[in-house]
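Sequence positions, counted from 1, serve as the residue numbers for this chain. Being a predicted model, the structure only gives us computed values, none of them experimental.
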Amino acid sequence: HEARETQAESQAGQAEVPLTPSKAQELIAEAERLRTAGNTAFKAEEFEEARTCYLAALERDSENVAILSNLAAAELRLSNFEAAAAHAAAANDLSGGFSAKALFRRGQALQGLARFQEACEAYQLALEVEPSDRSAKQKLEECRKAAETSAKSSEATSA
């Protein structure tokens with residue numbers, strides 16, 4: 001009985017120990033392993049598995065732009081546009097506002113939500129960061145057309 005108390009006390013004590021550099025390195029290494037597993041699942045078009053891996057990686061390294069951006073990509077493939085928009089925005093914020101990939105993914109998510117004006121703004125920002133990005137140029141044009149069509153449809157409905 002005494003041994004159990006000592007073991008429990010010892011475990012409780014461990015939970016309160018501040019994060020040491022080696023523990024932090026272990027968490028980051030595990031996050032990287034999970035991110036890589038997520039990438040493998042994504043390439044195999046196993047998007048739910050990829051999402052699960054990225055979420056687990058994010059629990060270990062919550063300020064990793066690549067993990068957040070990859071998570072947004074998986075969520076886009078799963079048509080989980082709200083979450084994708086939020087994770088892409090977080091990735092861009094962490095990058096200081098200079099992640100063309102995160103901005104592009106945010107644009108895709110907002111377009112998926114039929115929030116065309118915001119999507120166009122995200123694509124435009126992506127192009128400001130990466131002016132030669134042909135995909136962003138193409139998506140911006142598509143989005144502008146969708147916004148016009150949506151606006152005309154709204155006008156016709158309200159008339």
Side-chain angles (χ1 to χ4, degrees), residues 18-19 21 23-159:
L19 200 59
K23 184 64 176 170
Q25 288 169 336
E26 285 175 33
L27 285 172
I28 290 170
E30 178 65 8
E32 182 59 20
R33 187 192 67 71
L34 287 161
R35 184 186 69 81
T36 302
N39 292 351
T40 301
F42 190 93
K43 287 175 188 163
E45 297 187 9
E46 297 169 0
F47 304 118
E48 190 59 53
E49 175 65 21
R51 180 181 169 278
T52 300
C53 289
Y54 296 140
L55 284 170
L58 202 56
E59 288 176 11
R60 290 154 179 83
D61 188 1
S62 62
E63 295 189 359
N64 186 306
V65 173
I67 294 169
L68 282 162
S69 186
N70 291 358
L71 175 57
E75 290 165 336
L76 282 168
R77 294 299 188 103
L78 295 167
S79 298
N80 189 346
F81 299 121
E82 287 286 351
H87 288 124
N92 187 56
D93 291 347
L94 280 172
S95 76
F98 296 103
S99 174
K101 186 183 286 188
L103 287 163
F104 181 80
R105 289 181 177 155
R106 179 165 165 73
Q108 289 177 296
L110 292 167
Q111 193 169 355
L113 293 167
R115 289 164 48 187
F116 300 116
Q117 187 58 43
E118 291 171 84
C120 288
E121 290 168 12
Y123 292 134
Q124 186 61 51
L125 288 170
L127 282 168
E128 288 174 19
V129 174
E130 196 67 47
S132 62
D133 186 334
R134 281 190 240 142
S135 295
K137 286 178 187 175
Q138 180 183 347
K139 284 299 230 179
L140 178 58
E141 287 307 310
E142 286 175 20
C143 192
R144 284 180 175 155
K145 288 176 185 168
E148 287 174 26
T149 302
S150 177
K152 287 177 185 173
S153 173
S154 293
E155 288 171 16
T157 306
S158 63

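Here the closest non-hydrogen pair linking A31 and D61 is CB-CB, 3.6 Å. The minimum heavy-atom distance linking A72 with A88 is given by the pair CB-N, 3.8 Å. Closest of all the heavy-atom pairs between V65 and S95 is CG2-N, 4.0 Å. Residues N92 and F98 share a closest heavy-atom pair of OD1-N, 3.6 Å. Between A91 and L68 the shortest heavy-atom distance is CB-CB, 3.7 Å. Between L94 and N64 the shortest heavy-atom distance is CD1-N, 4.2 Å.
In this structure, the side chains of C120 and L140 come closer than 4.5 Å at one or more pairs of heavy atoms. Side-chain contact between L76 and F81 is present, with heavy atoms from C-beta onward closer than 4.5 Å. Side-chain contact between F116 and E148 is absent, with no heavy atoms from C-beta onward closer than 4.5 Å. Between K137 and D133 there is no side-chain heavy-atom pair separated by less than 4.5 Å. Looking at heavy atoms from C-beta onward, R105 lies in side-chain contact with S69 at the 4.5 angstrom threshold. Using a 4.5 Å cut-off on side-chain heavy atoms (C-beta onward), Q124 and R144 make contact. Using a 4.5 Å heavy-atom threshold, the side chains of I28 and R60 count as separate.
If you take CD on E46 and OG1 on T40, they are separated by 9.5 Å, rounding to the nearest 0.5 Å. To the nearest 0.5 angstrom, C143 atom SG is 9.5 Å from E121 atom CD. For the atom pair R106 CZ and D93 CG, the distance stands at 8.5 Å (nearest 0.5 Å). E48 contributes atom CD, which lies 9.5 Å from atom CD of E75 (distance to the nearest 0.5 angstrom). With rounding to the nearest 0.5 Å, the separation of CD in E82 from CG in L110 is 8.5 Å. The structure places CG of L27 at 5.5 Å from NZ of K23, a figure rounded to the nearest 0.5 Å.
A donor-acceptor pair under 3.5 Å links the side-chain atoms of Y54 to the main chain of N39, judged by distance alone. Counting only distance, with no hydrogens or angles, the side chain of T36 and the backbone of E32 share a donor-acceptor pair below 3.5 Å.
Between F104 and Y123, the two ring planes are tilted [angle within 30° to 60°].
Remark: K101 NZ is loosely packed, at most 12 non-hydrogen atoms of other residues, nucleotides or ligands lying under 6.0 Å away.
Taking 4.0 Å as the cut-off between side-chain N and carboxylate O, K145 and E142 do not count as a salt-bridged pair.
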